[in-house]
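Below you'll find the structure, written out as C-alpha cells, and then a few comments.
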Amino acid sequence: MPGSMVGVLGGGQLGAMFTGAARRMGYRVAVWDPDSDAPAHRIADQSFSTSFADHDTRERFVDSVQALTLEWENIPVELCQWLEQRRPLRPSSAVLRILQDRLTQKQFLSSCSIPVPDFAEVQSVHQLHHAIKRLGLPLICKTARSGYDGKGQWLIRQSSEVAQFEQILSRPSSGVRWIAEQVVTFVRELSVLVVRSGNGETRVYPVAENRHEHGILRDSVVPASISPSDAEAACELSVRAVAELHGVGIFCIEIFQAQDGRLLINEIAPRPHNSGHYTLDACTVSQFEQQVRVTCGLPLGEVRLLSPAVMVNLLGDEVTVVLSGEGSRETFSTQGASVHLYGKRVIRPGRKMGHVTFTAPEREIAVASAQQFLSRVQNPPSAVPSPS
Ligand code: ATP
Ligand code: MG
C-alpha cells in the first residue's frame with residue numbers, strides 16, 4: 001500500500017521515471033544500480049550502488065522493500081530468483097530468463113506459433129554458412145545477450161562482407177552466441193505496451209509508430225498511421241505473446257509490419273519502453289504508473305489516449321540545443337511541448353539525454369511541431385557554416 005517502500009533494480013532514466021511515479025503515488029523507493037551516477041539515485045529514498053553480485057547489499061535491499069520491479073532486462077537471473085523468494089518481483093525471473101537472451105526469446109515465440117523474422121543460431125563459421133544458405137542475404141547478426149540501441153549488431157549485406165564477420169566468429173576469445181535474422185523489409189515499425197496483472201487482467205495502450213536511425217529510436221507517433229484492423233491485429237498479437245509468457249508486469253512488444261502485410265515480433269521488453277514515453281503526457285495513466293500499480297498489486301489503470309502525440313528523443317549533444325538560451329526558450333514555448341531531461345552528466349554520441357513530447361488536437365499538428373523541433377536539434381544554428 002502507499003507509504004511502503006518499493007524497490008527497483010536499475011536506475012537509468014526508466015528507473016527514474018518509475019521512481020517519480022511511485023513517489024507521486026505515496027510510495028517510497030529504493031534504487032539499486034551499480035552506477036552511482038545513475039539518474040534514479042538522485043530522487044530515491046534509499047540508494048544502493050554496489051555490484052549486483054554483492055550479497056550484503058541484496059540482504060539490505062530486500063529487507064528495506066515490500067515489492068520489487070526492474071527497469072532493465074539484463075539484471076542477473078540468479079539475483080532475481082533469490083529476491084523473488086523473499087518479495088514479489090514483477091516481472092518474474094522466469095520471464096527474464098526467456099527474454100534476456102534473443103535466441104531463447106525467438107525460440108520461445110516460434111514454439112508458440114507467434115510470427116518472428118526467420119532466424120538461426122550462429123556460433124561458428126559453419127553455422128554462419130548454414131544460416132546464409134537457409135536465410136539468404138542480407139542478414140542481421142545480433143549478440144544473443146545484452147546489446148541495446150542497435151549495439152552488438154552486425155549487418156552482412158552481401159557475400160563480400162561475410163569474411164569480415166567470419167573473423168569475428170573465429171576470434172579465440174569469442175565464444176559469443178549470435179542470432180542471425182533475415183532483414184525484414186518493413187513498411188513501418190510499431191510497438192504496443194501491454195500491462196498484465198497477477199490474475200491475468202490485461203490493458204493495452206494504443207499502437208505507436210516508431211522510426212529508428214542507426215538502430216536508435218528517433219521518434220514515436222501515436223496513434224500509428226495504420227488501419228483499425230491492423231491496429232487490432234497488433235494488439236491481439238501483443239496480448240497473446242504476454243499471455244504465453246505468463247508475464248506479470250508491463251511489457252513493450254516491438255513489431256515489424258512487413259511489406260506483405262504480416263506482423264512479426266522483433267522483440268519484447270519486460271519493462272516500460274522508450275516508445276511508451278508519450279503515455280506520460282498523453283494518457284490517463286502513464287506506463288510508469290502502471291508499473292507501480294502492477295508491482296504493488298493495485299488495480300490497473302485506464303490506458304486512454306487523451307491526445308495525439310509525437311515523442312522525439314534527444315540523442316547525444318542534441319540536448320545542448322535545449323539547454324542553450326535561445327533553443328531552450330523556443331522549445332519550452334512551443335505549443336503542446338513537454339520537455340523531459342534525464343540529468344545525465346556525461347554526453348556520449350547517441351546517448352539518450354532526454355525527450356520532448358508534442359501533443360496537439362490533431363495528429364498532423366503534433367507531427368509538424370516534432371519535425372520542426374527535430375530539424376532544429378539536428379542542424380543547430382552554430383553548425384551552419386558562415387558565408388565568409
Ligand atoms: P532497442 O534496445 O533500442 O530496442 P536493440 O539494440 O535491442 O534496440 P533491435 O530492436 O533488435 O535492437 O534492433 C534495433 C533496430 O534495428 C530495430 O528497431 C530495427 O529498426 C532494426 N532491425 C533489427 N532487426 C531487424 C531485422 N531482422 N530486420 C530489419 N530491421 C531490423
Ligand atoms: Mg528494439
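Values reported hereafter were calculated over all heavy atoms of this structure, with side chains retained and with hydrogens, waters and symmetry mates removed. We count ligands from 1, going down the list as the structure has it; atoms in each ligand are counted the same way. The structure displayed is predicted, hence computed values, not measured ones.
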More than 12 heavy atoms of other groups within 6.0 Å of H130 NE2: no
Top protein contact for atom 31 (C) of ligand 1, by heavy-atom distance: F256 CZ, 3.5 Å
Geometric class of the W154/F165 ring pair [parallel <30°, tilted 30-60°, perpendicular >60°]: tilted
Sub-4.0 Å heavy-atom contact, F119 with ligand 1: no
Protein residue, atom and distance nearest to atom 10 (O) of ligand 1, heavy-atom basis: E267 OE2, 2.7 Å
Within 45° cone and under 6.0 Å: R271 NZ/CZ vs W72 ring: no
Metal-centred angle, the Mg ion (ligand 2) as apex - OE1 of E254, OE2 of E267, 10° resolution: 100°
Contact atoms of ligand 1, heavy-atom distance to H212 under 4.0 Å: 18 (O), 20 (O)
Residue and atom name of the nearest protein heavy atom (relative to atom 11 (O) of ligand 1), distance in Å to one decimal: K142 NZ, 2.6 Å
Shortest non-hydrogen contact between V31 and A44, atoms and distance: CG2-CB, 3.5 Å
Residue portion contacting ligand 1 (non-hydrogen atoms closer than 4.0 Å) for V184: both
Proximity flag L217 to ligand 1, non-hydrogen atoms under 4.0 Å: no
is_close_aromatic(F18, F288), centroid dist under 6.0 Å: no
Distance from atom 17 (C) of ligand 1 to nearest protein heavy atom, with residue and atom: E189 OE1, 3.4 Å
Heavy-atom donor-acceptor pair, Q105 side chain to D101 backbone, under 3.5 Å: no
Location of contacts on N210 toward ligand 1, heavy atoms closer than 4.0 Å: neither
K344 charged N/C atom sitting above Y342 aromatic ring, 6.0 Å / 45°: no
